[in-house]
Amino acid sequence: MSKVIHPFDESGILRGKDGAARYQNRPRSLVEMLRASVEKFSGNEAVVEVGGERLTFRAFWERAAKTAGGLRALGIQPGDRVAIRLGNGADWCIAFFGIQMAGAVGVPVNTRFTEAEIEYVVTDSGSKHVFLPGQPLPQGDSLVVEHLEQKDVAAIFYTSGTTGFPKGAMITHEGFLSNIETSRRISLLPFDGSTRTLVSVPLFHVTGCNSQFLVACEGGGATVIMPVFNVQSFLTLIGAERIS
């Protein structure tokens, strides 16, 4: 049987004077994107930590907003860098969006780095706060910065450093939103709240964060997170968590 090849949907794409092709009518920021999902899929599961918490979109939004308030109470201002040294789990996701809601810039740190490499990333990025494993997320009055724009930097992902010191790659809100839309168009998965994705790779990696977690966030689907990869658990979870 021949395989049907679907042509890439190129509708709603405009090439600017700088030569770059951009999707039109995207949200202004990751925060605006998540707000729309909360309004549409409030009761759907958003984040599921295997062996831990299960958060609906509404609960996830509220937890992230309180973490944003906690960051502000610590003196974090819009544009400040905040590093995430957490392992895979619900707290990683809450920390990431808490940073966005505070208007700050997330710096996911490779948990497999040596202490020297971690110190380099934190220092090089200029991070003013670090989310550390085993410590509670900062809490405060709910805060959501509303004036973020697509051109604003949302996160800095560092390379593995195989050819020298790790190098920080700045990703704007537009960059994240474009990747989400590209993933949606390539995968042909429905954005109707039914998709459930299983994250077995590190969330500090662009695959786990950009192409799974954030895609599910806009699609109203659940991100099921494995704290540690195990083949047998992975296979079991596909059925138990209805992974699509």
Who pairs with Phe131 by ring pair (Phe, Tyr, Trp, His ring centres under 6.0 Å), at least two apart in sequence or on another chain? His129

Under the 3.5 angstrom rule, does the side chain of Ser244 hit a backbone N or O of Arg196 as a donor-acceptor pair? yes

Residue pairs fulfilling salt bridge (charged side-chain N to carboxylate O under 4.0 Å, His left out) with at least one residue in residues 135-146, sequence neighbours excluded: Arg35-Glu146

For residues Gly193 and Asn44, report the shortest heavy-atom separation together with the two atoms involved. O-ND2, 3.4 Å

Are Val201 and Val206 co-members of a hydrophobic cluster defined by side-chain heavy atoms under 4.5 Å apart? yes

Taking Leu214 as the starting point, is it possible to reach Ile186 by hopping between hydrophobic residues whose side chains are less than 4.5 Å apart? no

With side chain to side chain contact (heavy atoms under 4.5 Å, CB included) as the test, would you mind laying out the steps for Val145 and Arg72 before giving the verdict? CA-CA 11 Å; Val145 172; Arg72 182 68 85 248; 3.6 Å; yes

Residues passing the side chain to side chain contact (heavy atoms under 4.5 Å, CB included) test with Ser11, sequence neighbours excluded, are Asp9, Arg185

Establish whether Ile156 and Leu71 are linked, either directly or via other cluster members, by ILVMFWY side-chain heavy-atom contacts under 4.5 Å. no

Under the rule for side chain to side chain contact (heavy atoms under 4.5 Å, CB included), what residues qualify as partners of Thr111, not counting sequence neighbours? Phe204

Once side chain to side chain donor-acceptor pair (under 3.5 Å) is applied, what residue pairs with a partner in residues 80-97 remain, sequence neighbours excluded? Asp80-Lys128, Arg85-Glu115

Minimum side-chain heavy-atom gap Ser29-Asp152 below 4.5 Å: no

Identify, with sequence neighbours excluded, every residue that meets salt bridge (Lys or Arg N to Asp or Glu O under 4.0 Å) alongside Glu149. Arg28

So, using salt bridge (Lys or Arg N to Asp or Glu O under 4.0 Å) as the criterion, who are the partners of Glu53 when residues are at least two apart? Arg63

Which pairs pass side chain to side chain donor-acceptor pair (under 3.5 Å) with one or both residues in residues 214-234, sequence neighbours excluded? Arg26-Glu218, Asn230-Ser233

Heavy atoms, side chains only, cut-off 4.5 Å: are Pro166 and Thr159 in contact? yes

Val215 and Asn210: which non-hydrogen atoms are nearest, and at how many Å? CG2-O, 3.6 Å

State whether the number of non-hydrogen atoms from other residues, nucleotides or ligands found under 6.0 Å of Gln77 atom CD is greater than 12. yes

Can you list everything that forms a ring pair (Phe, Tyr, Trp, His ring centres under 6.0 Å) with Phe60? Sequence neighbours excluded, please. Phe97

I'd like to know if the side chain of Glu49 reaches the main chain of Ala90, judged simply by a donor and an acceptor atom lying under 3.5 Å from each other, with no hydrogens or angles considered. yes

Does the side chain of Glu174 reach to within under 4.5 Å of the side chain of Tyr23, using non-hydrogen atoms? no

Do Phe157 and Val121 sit in one hydrophobic cluster, given that two such residues count as connected whenever their side-chain heavy atoms are within less than 4.5 Å of each other, even indirectly? no

Test your reading of the model: is there a side-chain donor-acceptor pair from Thr207 to the backbone of Gln212, 3.5 Å cut-off? no

Run the numbers on Leu177 and Leu30 for side chain to side chain contact (heavy atoms under 4.5 Å, CB included), then give the verdict. CA-CA 7 Å; Leu177 293 165; Leu30 289 175; 4.2 Å; yes

Contacts of type ring pair (Phe, Tyr, Trp, His ring centres under 6.0 Å), residue Phe191, not counting sequence neighbours: none

Mind running side chain to side chain contact (heavy atoms under 4.5 Å, CB included) on Ile225 and Phe213 for me, showing each step along the way? CA-CA 9 Å; Ile225 304 165; Phe213 170 50; 5.9 Å; no

Hydrophobic clusters join Ile, Leu, Val, Met, Phe, Trp and Tyr when side-chain heavy atoms are under 4.5 Å apart, directly or via other members; which others share one with Leu198? Val48, Val50, Val224, Met226, Phe229, Val231, Phe234, Leu235, Leu237, Ile238, Ile243

Taking the side chain as C-beta and beyond, is there a heavy-atom pair between Leu137 and Leu86 under 4.5 Å? yes

Angle between ring planes, Phe96 versus Phe176, binned at 30° and 60°: parallel, tilted or perpendicular? perpendicular

Do Ile94 and Leu55 make a side-chain contact, defined as non-hydrogen atoms from C-beta onward lying under 4.5 Å apart? yes

Distance, nearest 0.5 Å, that separates CD of Gln100 from OG1 of Thr67: 12.5 Å

Contacts of type side chain to side chain contact (heavy atoms under 4.5 Å, CB included), residue Asp18, not counting sequence neighbours: Ala20, Arg22

Say whether, by atom type as modelled, one donor and one acceptor occur between the side chain of Ser125 and the main chain of Val122 under 3.5 angstrom. yes

Please say yes or no: joined through hydrophobic side-chain contacts below 4.5 Å, possibly via intermediate residues, are Val199 and Ile180 part of one cluster? yes

Validation row: Ser211, Ser183 side chains within 4.5 angstrom (heavy atoms): yes

